[in-house]
4 protein chains.
Amino acid sequence: MSDNAHDHWIAVARTVAATLAVDAVERDRANAQPVAEIRLLRESGLLSLLVPVEHGGHGQSWRTGLEAVRVIAGADGSIGQLLGYHFVNLSNVWLAGSPEVQEDLGRRTAENGWFWGDSVNPVEADLVLTPRGDDPAVSGYVLDGTKTFSTGASVADAIIATGTVTTTGEPLLVAILPQQGGVTFGGDWDNLGQRLSASGSATFAAAPVPPEHVVGSLAAEHTRPVASVITPAIQAVFGNLYLGIAEGALAAARDYTTSSSRPWALSGIEAATQEPYVLATYGGLAARLDAVAALADRVGDRIDAAVARGADLSWDERGELAVAVARLKVVSTEVALDVTTAVYEVTGARATSNHYGFDRFWRNVRTHTLHDPVAYKRREVGEHYVSGTYPPFTLYT
Amino acid sequence: MSDNAHDHWIAVARTVAATLAVDAVERDRANAQPVAEIRLLRESGLLSLLVPVEHGGHGQSWRTGLEAVRVIAGADGSIGQLLGYHFVNLSNVWLAGSPEVQEDLGRRTAENGWFWGDSVNPVEADLVLTPRGDDPAVSGYVLDGTKTFSTGASVADAIIATGTVTTTGEPLLVAILPQQGGVTFGGDWDNLGQRLSASGSATFAAAPVPPEHVVGSLAAEHTRPVASVITPAIQAVFGNLYLGIAEGALAAARDYTTSSSRPWALSGIEAATQEPYVLATYGGLAARLDAVAALADRVGDRIDAAVARGADLSWDERGELAVAVARLKVVSTEVALDVTTAVYEVTGARATSNHYGFDRFWRNVRTHTLHDPVAYKRREVGEHYVSGTYPPFTLYT
Amino acid sequence: MSDNAHDHWIAVARTVAATLAVDAVERDRANAQPVAEIRLLRESGLLSLLVPVEHGGHGQSWRTGLEAVRVIAGADGSIGQLLGYHFVNLSNVWLAGSPEVQEDLGRRTAENGWFWGDSVNPVEADLVLTPRGDDPAVSGYVLDGTKTFSTGASVADAIIATGTVTTTGEPLLVAILPQQGGVTFGGDWDNLGQRLSASGSATFAAAPVPPEHVVGSLAAEHTRPVASVITPAIQAVFGNLYLGIAEGALAAARDYTTSSSRPWALSGIEAATQEPYVLATYGGLAARLDAVAALADRVGDRIDAAVARGADLSWDERGELAVAVARLKVVSTEVALDVTTAVYEVTGARATSNHYGFDRFWRNVRTHTLHDPVAYKRREVGEHYVSGTYPPFTLYT
Amino acid sequence: MSDNAHDHWIAVARTVAATLAVDAVERDRANAQPVAEIRLLRESGLLSLLVPVEHGGHGQSWRTGLEAVRVIAGADGSIGQLLGYHFVNLSNVWLAGSPEVQEDLGRRTAENGWFWGDSVNPVEADLVLTPRGDDPAVSGYVLDGTKTFSTGASVADAIIATGTVTTTGEPLLVAILPQQGGVTFGGDWDNLGQRLSASGSATFAAAPVPPEHVVGSLAAEHTRPVASVITPAIQAVFGNLYLGIAEGALAAARDYTTSSSRPWALSGIEAATQEPYVLATYGGLAARLDAVAALADRVGDRIDAAVARGADLSWDERGELAVAVARLKVVSTEVALDVTTAVYEVTGARATSNHYGFDRFWRNVRTHTLHDPVAYKRREVGEHYVSGTYPPFTLYT
């Protein structure tokens with residue numbers, strides 16, 4: 001894992017992260033649409049990172065993509081989420097799409113630096129796809145309905161959405177291009193954390209879905225193991241997101257400790273950087289982060305290996321991958337909650353000034369780790385450990 | 001501990017808490033001066049709770065006062081802090097003051113429902129007391145200087161302050177009445193939590209200190225064990241504050257779980273209130289809170305017993321009390337940090353909407369528990385456990 | 001709680017504990033029948049501690065009895081268990097027995113210093129009571145069958161047993177006096193911890209049950225709340241047992257740290273008693289033990305209050321007590337497991353020599369805390385916290 | 001990491017582990033010398049695993065060797081320790097020895113399947129090397145003195161020992177062959193865990209050290225970074241040892257849960273393998289083990305990379321390795337203590353029968369993790385994280 005292209009793109013991610021870090025506190029507070037941030041990602045080339053070279057992209061691995069998510073999330077959890085979701089949204093094109101869809105949407109994404117949002121939240125009623133003529137293969141559909149938690153959609157060039165065809169009941173994955181009209185956004189995301197993730201609702205009113213924007217059938221995910229890799233990919237983004245936020249929190253704390261912390265008045269220690277409890281706390285947390293990072297890298301490689309198996313991937317291999325990702329989800333959640341609370345213990349009372357905004361790390365982790373309950377991820381891992389069974393495919397497992 | 005007066009005042013505190021709870025989220029966000037909140041405390045009678053009956057107060061115990069702090073903190077951590085600090089600030093009158101001072105300031109407090117703030121932060125340079133004439137016993141002093149973290153001062157009827165006399169170097173405890181002029185406030189408290197605690201800076205410019213407002217000599221705390229009980233009292237307020245906030249957080253989560261939470265989609269459970277992991281999490285946290293509450297009540301009784309010993313209190317008895325309070329500080333800090341992070345796990349993802357503001361509990365605990373490092377409290381408790389030694393008297397131990 | 005009788009009996013318990021501590025390691029290893037240990041309890045008077053004065057006992061409270069269990073368990077977990085179980089076994093006489101039974105068995109217990117074992121394990125098939133004649137009220141029964149986990153039975157003067165009457169199906173509580181024959185013991189208790197608790201199997205072959213040894217009907221526990229207090233009493237013994245073992249472990253570690261531990265070679269610290277991590281570890285654990293002890297004392301008082309209510313005790317009051325005891329069970333389990341593993345971290349590598357036997361604390365706690373799963377106690381507490389419901393009466397709840 | 005040779009040797013280790021598992025409980029109890037176990041290792045070929053091919057060994061990597069340690073430790077912690085120590089002891093030959101020493105001792109080790117013990121414990125006074133003639137380069141030395149904690153020495157074919165030359169004060173690493181006489185063993189290892197590790201004392205009385213058994217100068221470790229890799233290698237053995245024991249504990253618990261555990265009587269669950277708390281506990285622990293295993297593998301690769309750098313390895317590169325290993329030590333210690341206590345919670349009360357001996361896992365981890373205090377490892381990691389400094393070279397860092 002030290003090839004040149006990988007290192008190049010991680011360096012690019014670090015540069016983007018450094019820019020994001022400058023005003024992360026202010027941007028978090030403003031709760032605005034992340035338009036400038038998406039532009040930054042676009043200009044960096046990261047949005048095409050996973051697009052295959054033959055379609056004009058950079059052809060990098062999930063391993064590299066997930067590490068980039070982690071690096072960006074260290075500076076700004078919301079933007080790390082948007083990049084990771086983008087990778088996942090776009091990957092539907094390769095996991096579920098035909099060669100024509102791949103070439104068309106892949107190339108347009110790479111050429112224009114498209115950012116992909118989503119409107120797929122599975123806990124609500126489905127969006128509805130109405131055929132525009134007798135033969136949707138010719139004239140396509142229109143999409144109607146509202147979905148909350150449509151992350152990134154309001155700032156997206158393309159939105160991956162799921163809808164049910166009125167005439168056949170078939171669930172389809174479709175791409176919506178907001179500039180073609182028919183989409184409005186609720187601007188109703190005002191939550192504790194991940195405030196810049198543009199996760200409000202999207203409402204579709206006869207949004208056009210030309211035939212070439214039908215990515216594929218959702219049913220494919222239930223019949224082809226490789227298509228169902230989408231869920232482990234999503235959950236791996238989560239794990240890297242939490243890890244990245246936690247790494248960012250600890251690094252921000254270190255900057256404060258070395259520049260601003262005072263040793264405790266009654267400790268007799270001359271510098272906060274020599275304080276035994278502060279050092280042991282840093283060490284314990286850094287060690288745990290290192291173990292989770294080693295697992296995250298290994299999981300990244302496994303996703304690449306699974307995708308590379310293509311149609312040969314078996315359900316059991318898919319299941320092994322899903323469990324490996326679930327283990328990452330569990331440990332990244334635990335370490336991220338602990339780190340983001342503990343950073344204040346190594347910085348001290350004055351670090352609670354809102355000038356520093358160190359709470360954003362905890363708020364980001366606390367918010368997103370509730371996406372699906374970690375207790376059930378533990379159970380899922382445990383059930384596999386005890387009985388060797390794999391979780392069934394769902395959009396959470 | 002089930003006498004009528006105790007139960008009456010706890011019921012009063014619950015009523016105040018219920019009022020505070022109604023708009024706690026909005027008030028926290030507004031970050032305004034807690035003028036209305038202090039008025040509410042005043043009208044409830046709680047501000048005179050610990051004033052002896054002979055001086056016109058309600059003559060209740062520390063045990064009752066600390067439980068009232070806990071109840072108020074459950075609804076609004078800042079106002080719980082203000083009530084607890086008020087008890088401590090005012091108690092200087094009895095711990096360090098002469099009978100005349102006690103009668104004078106005690107009675108005026110009880111008659112007018114005075115709220116006492118402070119300006120005593122020990123990590124900064126002392127305020128300066130300049131004699132107004134040849135004999136300060138006749139003409140008093142003026143007070144000059146600035147103190148940050150002057151909790152409650154900006155909304156106080158009386159401020160307890162510490163200053164050093166220019167001519168003698170003697171450190172004195174004095175009462176400043178803001179309505180007599182010479183005091184301005186920075187309004188510079190914008191921190192993560194305890195946002196309504198009015199903890200900004202106070203600047204004194206020739207603020208008048210008539211002789212009857214000289215409470216006593218700070219040196220007394222170093223020579224009379226009972227006067228030094230002020231520190232255990234402060235730290236006991238902290239312990240009850242953290243416990244109260246945590247109790248409030250768990251109760252607020254319960255309201256949400258029973259009214260709004262959905263069981264996890266893949267769990268097969270019909271109601272969130274029957275979800276096994278949710279229930280075990282509530283149970284584990286409630287059990288820990290119960291143990292800490294039992295300790296808090298015991299510590300309250302011990303403070304009353306120490307104060308009742310008066311001049312007979314020995315340094316060793318004072319040391320035992322200080323260690324008991326330190327133990328409370330340790331466990332209340334731990335449980336409060338854990339509870340206020342875990343409440344989201346029993347409420348779920350939608351509870352991260354800022355509409356609910358459940359993060360205020362974590363922010364309040366996270367902010368105030370950094371007052372002095374809990375690692376050193378653990379050490380202090382450990383040193384006593386291992387070697388039987390008591391921490392020396394300081395404003396932290 | 002500082003009355004003279006209480007203090008006297010706790011001092012007695014401390015004396016017994018000191019004697020037990022001398023050879024606790026050797027006795028644990030020998031795994032012999034605790035004959036001498038029961039004699040020690042008998043001679044101390046502790047076996048009659050809870051027998052009412054009117055029946056010749058010392059008439060002390062559950063609060064005092066449970067504290068005595070804790071003190072003994074600090075030196076020898078097995079003997080603490082035996083004393084606690086004895087209190088519970090014997091209390092059936094007052095909770096379920098008629099005035100005649102109380103007077104008869106109570107007085108004989110007090111006069112002879114009887115130790116009561118049990119044979120009641122509810123997870124196995126019932127023992128069988130066969131009437132000896134037409135009218136069991138005149139001629140009694142004989143008891144047949146085998147029960148594993150008959151704690152203390154093999155060294156008991158009297159055994160409380162439960163049996164089902166062959167003719168009526170009625171479940172009865174009966175007293176068996178081993179010296180009257182018909183009982184043999186398997187000697188089959190060879191477990192990780194609590195090795196001296198004589199918890200092997202008992203086999204009854206036509207063991208005589210004269211009418212005066214019929215304590216009462218088990219059905220009473222289902223119809224009279226006060227009779228069902230037996231389960232909270234059992235679980236409170238457990239909580240005090242775990243707490244006592246943990247207190248004993250930490251105190252034993254302290255003795256070693258102060259007498260034998262060396263500071264870490266690379267620490268630059270001169271004495272282990274000044275080592276910052278050692279001190280903070282002791283402090284954190286001591287603080288937690290203190291909170292659990294405060295809860296244990298409060299729970300002891302509540303059992304006394306419930307028993308004092310007698311026939312007036314309602315099911316709701318009984319439920320409140322059961323939940324309070326469950327909370328104690330949860331926190332005492334947690335702290336005891338943590339303390340008994342952590343003691344090695346404050347003593348160091350040489351303390352692993354079997355000469356010291358510090359592992360017996362962990363083994364004792366680890367073994368007995370599995371009696372019934374703490375996860376379900378957490379759930380029970382949580383269910384009450386969330387929904388206000390009380391656990392149904394069983395021999396575990 | 002899936003090359004054939006690696007997989008072959010891990011399969012060999014699994015076969016050895018399976019044999020060791022059969023009577024691990026009985027052998028642990030017997031506390032005998034591990035003669036048969038060393039023979040098993042010898043016959044498997046594992047003792048020559050890391051000997052370079054050019055000296056007749058199997059030429060495998062540290063990564064593979066450490067994974068083999070982990071696999072063996074899963075079945076028998078003591079034998080895992082002995083294998084890991086053997087690798088480290090023998091590696092002195094390559095890290096500190098001349099080409100002649102490497103060829104001579106390396107080849108004899110490979111040809112005869114030598115097992116290497118040690119006598120190097122740094123916390124005691126040094127052993128003494130007395131020259132046998134005027135020129136030790138011709139006639140060698142004799143070794144005198146006693147060292148406790150001489151792991152594996154009593155069953156060793158060769159012992160690596162450190163001694164100080166009487167005439168020059170130079171510290172040397174020497175090989176002692178017990179069959180050449182002059183060595184006796186105290187048989188004084190009777191500790192809580194790692195009971196079969198033969199870690200008693202060794203006494204040397206004019207034990208012969210011919211010139212060809214002088215491995216090298218200890219001073220080399222202070223002047224050549226690559227020679228000082230010995231300490232990270234030792235600590236990496238520790239990390240893999242703890243991880244392996246924990247993995248073995250959880251797997252043994254799983255066997256019990258699936259074969260023997262009953263669901264909790266009051267749970268309403270039909271099988272222990274479907275119990276929600278049991279599954280979540282397994283899952284949480286398995287996830288943590290997986291993260292630590294990922295880190296352990298990565299650390300193994302880094303040791304190989306450092307050794308491959310040879311004389312080019314810089315102190316900074318050595319420092320990075322040492323910190324990476326320290327992080328592994330921290331997290332493996334934490335997870336192993338937690339897992340080995342928690343296994344009882346997923347097996348249940350009947351699993352405390354000494355028939356199963358599940359406590360050996362906790363005893364093994366609890367004993368060896370005290371080798372050097374993990375608090376100081378946390379501090380070491382924290383100091384590097386905060387200030388970028390590396391721990392100085394010692395036999396612990």
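Below, read A as the first sequence line, B as the second, and so on, with proteins coming before strands; counting in each chain starts at 1.
Neither the backbone nor the side chain of F358(A) comes within contact range of chain B; no heavy atom of the residue lies under 4.5 Å from a heavy atom of that chain. Using a 4.5 Å cut-off between heavy atoms, R195(B) contacts chain A through its side chain alone, with no backbone atom that close. Within the 4.5 angstrom heavy-atom criterion, no atom of T333(B) approaches chain A. Residue Y356(B) does not touch chain A at all, counting heavy-atom pairs closer than 4.5 Å.
The candidate from T397(B), T394(B), L370(B), T148(B) with the greatest count of non-hydrogen atom pairs under 4.5 Å with chain A is L370(B). The candidate with the highest count of non-hydrogen atom pairs below 4.5 Å against chain B, out of A375(A), G357(A), P373(A), P122(A), is P373(A). Of the listed residues D372(A), V123(A), T341(A), V374(A), the one with more heavy-atom pairs under 4.5 angstrom with chain B than any other is T341(A).
Of all residues spanning residues 359-366 of chain A, those with a heavy atom less than 4.5 Å away from chain B's heavy atoms are D359(A), W362(A), R366(A), arranged by number. Residues of residues 270-284 of chain B that come within less than 4.5 angstrom of chain A, heavy atom to heavy atom, are E275(B), P276(B), Y277(B) in numerical order. Within residues 255-267 of chain A, the residues that have a heavy atom under 4.5 Å from a heavy atom of chain B are W264(A), L266(A), S267(A), listed by number.
For residues 346-355 of chain B, the pairs satisfying side-chain hydrogen bond (donor to acceptor under 3.5 Å, both in side chains) are D190(A)-N354(B), N191(A)-T352(B), with sequence neighbours left out.
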field: Steps toward side-chain contact (heavy atoms from CB on, under 4.5 Å) verdict (Y344(A), T369(B))
entry: CA-CA 10 Å; Y344(A) 282 103; T369(B) 51; over 6 Å; no
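Across all their heavy atoms, L337(B) and E345(A) have their closest contact at CD1-OE2, 3.7 Å.
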